[in-house]
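What follows is one structure encoded as C-alpha cells, with my remarks underneath.
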Protein chains: 2
Amino acid sequence: MMIGEVSDRTGLSVDTLRFYEKIGLIAPPMRNDAGRRVYGNDVLGWVGFLEQLNATGMKQADRILYARLRQQGDSTLRARREMLEAHRAVIREKLHLMQQTMALMDHKVAIYETLEAETETPQI
Amino acid sequence: MMIGEVSDRTGLSVDTLRFYEKIGLIAPPMRNDAGRRVYGNDVLGWVGFLEQLNATGMKQADRILYARLRQQGDSTLRARREMLEAHRAVIREKLHLMQQTMALMDHKVAIYETLEAETETPQI
DNA sequence: GTACAAGCTGGAGTGCACTCCAGCTCAAGC
DNA sequence: GCTTGAGCTGGAGTGCACTCCAGCTTGTAC
C-alpha cells in the first residue's frame with residue numbers, strides 16, 4: 001500500500017502520515033525500488049488506535065512513548081499495560097464530566113424553551 | 001472581588017482572565033477608583049460553565065459567539081438554545097466514542113495481562 | 001515612609017500538532 | 001516523448017489558546 005491509499009483509508013493526510021513517522025508514532029515502512037513508502041495492512045489498525053487515543057485526549061508525547069514501547073517488543077508489556085490503565089482512568093473521569101455536562105445541557109435547553117415560550121408570545 | 005480572588009476560585013490564571021475579557025468571553029467588569037477590575041459573584045458560575053464547554057470540546061470561536069449572544073439578552077434565547085443543542089449532539093457522540101475506547105482499553109489490558117503472565121514465567 | 005504584593009497595559013513569545021511549500025524524481029497513459 | 005499525478009526531502013509557516021514580559025501605579029503591613 002502506497003502512502004496515498006493509507007491516507008484515503010485512515011483519513012489522515014499524506015503530510016500527517018509522514019509527520020507521524022518523523023516523530024516516531026509510525027514505524028518507518030519498507031521502501032520500493034524508487035524509494036517510496038510501502039505500508040503493510042497492520043498500519044491501518046495502528047493508526048486507528050492512535051486516533052482513538054488522540055480523540056480521548058492522550059497527548060502526543062505519551063502516544064510517542066507508547067509507540068516506542070510497542071516497537072521494543074514483549075519486554076515492555078508491563079509498561080504499556082500501565083500506560084493503558086492510566087489512560088483508562090483519565091477516560092473514566094472525562095466520561096463522568098461529559099455526563100454531567102450533558103445533564104446540564106438538558107437542563108439549560110429546558111430553561112431556554114420555557115423562556116422562549118414566555119418571550120415569544122407576550123400578548124396573552 | 002478582585003481578579004486575584006477570581007483566579008483563586010476559578011483556577012484560571014489572572015492572565016487568562018484578562019485574555020478572556022479581551023476576546024469577549026467575559027464581560028468587562030466594573031473598575032474601582034484605582035482602575036482595577038471588580039467582579040461580581042456571577043462571574044464564577046459563568047467561568048465554570050465556560051470551562052465545561054471547553055472540557056467537552058467546544059472551540060473558542062463558538063464559546064465567544066455564545067458569550068456574545070448571552071450579552072445581548074432575551075432576543076438571542078433561541079440562537080443560544082440551538083447552540084446548546086448542537087453541542088449536546090457533539091457531546092453525545094464523544095460519549096459514545098469514549099465508551100468504545102474504554103471497552104477497547106479493558107480488552108487490551110486483559111490481553112496484556114495474559115501475555116505478561118506468559119512471558120514472566122517462561123520456566124514452567 | 002518604605003518595601004512589597006497585587007494590579008494595570010500593550011505587545012511579544014510559547015507549545016502543540018499539524019500543514020504547506022519549493023524543487024526534485026518516478027511511472028503510466030496518450 | 002512528454003504531460004500528469006503521486007511521491008520524495010528539508011524546512012518554513014499556521015492556528016489555537018494561552019502565557020510571559022517590561023515598565024508602570026496602587027494598597028497594605030511593618
Q: Only pairs at least two apart or in different chains count here, so list each salt bridge (charged side-chain N to carboxylate O under 4.0 Å, His left out) that has a residue in residues 48-72 of chain A.
A: none
Q) Which residues in residues 29-52 of chain B have at least one heavy atom lying under 4.0 Å from any atom of DNA chain D? A) B:Ala34, B:Arg36
Q. Can you give the first and last nucleotides of DNA chain D, 5' to 3', that have an atom under 4.0 Å from a heavy atom of chain B?
A. D:dA17 to D:dG27
Side-chain donor-acceptor distances from residues 20-28 of chain B under 3.5 Å, at least two apart:
{"residue": "B:Glu21", "atom": "OE1", "partner": "B:Arg37", "partner atom": "NE", "Å": "2.7"}

Q: Please name all residues satisfying salt bridge (Lys or Arg N to Asp or Glu O under 4.0 Å) with B:Arg9, sequence neighbours left out, ordered by chain then number.
A: B:Glu5
Q: Sequence neighbours left out, what passes side chain to side chain donor-acceptor pair (under 3.5 Å) with B:Thr114? Give chain and number order.
A: none
Q.
Listing request: all salt bridge (charged side-chain N to carboxylate O under 4.0 Å, His left out) pairs with a residue in residues 83-94 of chain A, at least two apart in sequence or in separate chains.
A. A:Arg81-A:Glu85, A:Arg88-B:Asp106
Q.
Could you work out, with side chain to side chain donor-acceptor pair (under 3.5 Å) as the rule, every residue matching A:Ser7, not counting sequence neighbours?
A. none
Q) In the hydrophobic cluster built from side-chain contacts under 4.5 Å, what are the other members alongside A:Val90? A) none
Q: Would you tell me whether A:Tyr112 and B:Arg80 have side-chain atoms, one donor and one acceptor, within less than 3.5 Å of each other?
A: yes
**Q.** Set of residues satisfying side chain to side chain donor-acceptor pair (under 3.5 Å) with respect to A:Glu82, sequence neighbours excluded
**A.** A:Arg78
**Q.** Interface residues of residues 20-28 of chain B with DNA chain D (non-hydrogen, below 4.0 angstrom)
**A.** B:Tyr20
Q. Quick one: salt bridge (Lys or Arg N to Asp or Glu O under 4.0 Å) partners of B:Asp15, sequence neighbours excluded?
A. B:Arg18
